[in-house]
Amino acid sequence: MDSRNGPASETPLDAEIESFFDSAPPLKDSAGIIKKLKEFIEFNSTPPGKGSPRRVVCVTSGGTTVPLEQRCVRFIDNFSSGNRGATSTEYFIKAGYAVIFLYRRGSFQPYCQSLPEDLLLECFECSDDSTIQVHQPHTEAVKRAVRDHHAAVAGGQLLKLPFTTIFEYLQMLQSIAMSMRDLGSHAVFYLAAAVSDFYVPWESMAEHKIQSASGPLDMRLVQVPKMLLALKKEWAPMAFCISFKLETDSNILLEKAEMAREKYRMHMVVANELSTRKEEVTVVTGNERILVCRDKTRADSDVEEPLIELIVSRHSAYVKDSGL
Ligand code: PAZ
């Protein structure tokens, strides 16, 4: 259901969501995005050479920005690198899922973990006009990245959709969720993006660059409506939903994760603390707290490997229970 049409009896939350979408700047190429989604989901419903449909997961990754001006010069951002989303995408694909990767432009990308982040061009050398060579220490990493990325995209298992602002992110999440609605329990949402809690509504935003000569900046940010409830209740009600909770104070982390799980009716909430997020997370379900750690005996291990393994097994049980 399109929340713009609104259910018969509107709650204040529904009204807030409707007003957010009504006042957001229109998403560029919305029709093109919906077409790509439709084709991707159709392709994975009967993938060639595979008897059964693929399960589809939407992985969100990186941080949303909050523009301060309509012709944006300045914006509020957050720390998220997109490492969690990009790495998790690789493990979901390995487990046979089709992934819709909704990522922040410029953030980490799947299959690029072992490439040098800042000095990518130093991997290559032009030996003549038509040949590019990879420098020796990087040969294996580049070969693996190109091969695995190509296999995922060309094999129809990876669709990448970029966002920058909170407006783009939420509009795209809604389109994705509504496109995945008919997948029922085969749909998964893995919401690892760091989504802004506050924003400047488009209609009250300055059009032009804010002038410093006008003195101190006095600006009112309003709360971003909680879209997780709409996702669960209206956009894709049968989907298996995993959200993330980040805190810097470990004393409140699990309590906040449990509150989020209950409030937004998530199947799982992955709780992580800023400084240890690459080492361990705690998965909060209805009655369990499962500590998931990176294998410290291996230098190249990551916490996403056991995490996705756990999620895939819980999702399989959910699909079985829902009988679809
Ligand atoms: O993107 P990253 O790998 O640097 O960090 C991942 C993360 C901490 C953003 C993610 O695990 C997470 O907790 N996302 C939700 C953040 C929040 O509470 O809004």
Side-chain angles (χ1 to χ4, degrees), residues 57-66 76-92 99 101-115 117-118 160-166 169-170 172-173 188-199 221 223-229 231-232 241-264 266-285 289-294 300-311:
V57 55
C58 169
V59 173
T60 72
S61 187
T64 59
T65 68
V66 172
I76 302 173
D77 204 351
N78 66 57
F79 73 96
S80 171
S81 65
N83 185 64
R84 172 88 74 224
T87 310
S88 304
T89 292
E90 294 178 29
Y91 287 110
F92 273 121
V99 179
F101 181 59
L102 179 60
Y103 71 98
R104 163 74 181 277
R105 268 185 199 86
S107 65
F108 267 107
Q109 294 294 298
Y111 306 111
C112 294
Q113 252 200 99
S114 43
L115 303 182
E117 209 183 307
D118 300 326
K160 301 209 274 183
L161 297 174
F163 66 83
T164 302
T165 68
I166 179 74
Y169 173 81
L170 288 175
M172 290 169 88
L173 183 64
V188 178
F189 286 86
Y190 179 86
L191 304 162
V195 181
S196 325
D197 285 326
F198 302 97
Y199 77 115
L221 302 180
Q223 224 172 350
V224 173
K226 300 296 180 197
M227 300 287 177
L228 289 190
L229 267 184
L231 172 74
K232 270 304 309 253
C241 291
I242 304 129
S243 70
F244 281 72
K245 173 57 76 184
L246 173 86
E247 292 294 340
T248 52
D249 178 355
S250 54
N251 293 320
I252 60 168
L253 177 60
L254 294 186
E255 185 194 332
K256 295 291 288 286
E258 175 54 22
M259 276 163 62
R261 194 197 61 77
E262 259 184 47
K263 187 166 173 194
Y264 304 120
M266 295 287 104
H267 295 97
M268 294 171 150
V269 174
V270 180
N272 53 171
E273 199 261 304
L274 185 66
S275 59
T276 57
R277 70 188 193 280
K278 291 191 174 173
E279 299 298 315
E280 60 177 52
V281 298
T282 303
V283 177
V284 175
T285 72
R289 308 279 174 273
I290 308 163
L291 181 66
V292 179
C293 299
R294 181 176 84 75
D300 64 346
S301 70
D302 35 55
V303 66
E304 286 79 11
E305 183 173 14
L307 175 62
I308 303 308
E309 201 179 303
L310 172 69
I311 288 172

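Each ligand, and each atom within it, is numbered from 1 in the order the structure gives. Nothing fancy with the numbering, it's 1 onward along the sequence. The analysis underlying the following values was restricted to heavy atoms, covering all of them including side chains, and did not include hydrogens, waters or symmetry mates.
Near Arg84, with a cut-off below 4.0 Å to any heavy atom, the atoms of ligand 1 are 3 (O), 6 (C), 11 (O). In the vicinity of Ala193, heavy-atom distances shorter than 4.0 Å reach the ligand 1 atoms 14 (N), 15 (C). Less than 4.0 angstrom separates some heavy atom of Ser81 from each of these atoms of ligand 1: 1 (O), 2 (P), 3 (O), 4 (O).
In terms of protein heavy atoms, atom 10 (C) of ligand 1 is closest to Ala192 O, 3.5 Å. In this structure, atom 1 (O) of ligand 1 lies nearest to the protein heavy atom Ser80 OG, 2.6 Å. At the top of the distance list for atom 5 (O) of ligand 1, counting protein heavy atoms only, stands Arg277 NE, 3.1 Å. The shortest contact between atom 13 (O) of ligand 1 and any protein heavy atom is with Asn272 ND2, 3.0 Å. Of the protein's non-hydrogen atoms, the one nearest atom 12 (C) of ligand 1 is Phe244 CB, 3.5 Å.
Here's the thing with Lys245: none of its N/O atoms is less than 3.5 angstrom from an N/O atom of ligand 1. Close N/O approach between Leu246 and ligand 1 is found [any backbone or side-chain N/O within under 3.5 Å]. For ligand 1, the polar-atom distance check against Phe79 finds no nitrogen or oxygen pair separated by under 3.5 Å.
Of the residues Ser88, Ser61, Ser243, the one that meets the side chain to side chain donor-acceptor pair (under 3.5 Å) test with Tyr190 is Ser88.
With hydrogens and angles disregarded, no donor-acceptor distance shorter than 3.5 Å links the side chain of Glu90 to the backbone of Pro110. In this structure a side-chain-to-backbone donor-acceptor pair under 3.5 Å is present from Thr65 to Thr164. Counting only distance, with no hydrogens or angles, the side chain of Thr60 and the backbone of Ala192 share a donor-acceptor pair below 3.5 Å. With Asp302 contributing its side chain and Thr87 its backbone, the two residues share no donor-acceptor pair below 3.5 Å. At distances below 3.5 Å, not a single donor-acceptor pair connects side-chain atoms of His267 with backbone N or O atoms of Ile242.
A donor atom on one side chain and an acceptor atom on the other are not found under 3.5 Å apart for Thr282 and Glu280.
Looking only at side-chain heavy atoms (C-beta outward), Glu304 and Arg84 come within less than 4.5 Å of each other.
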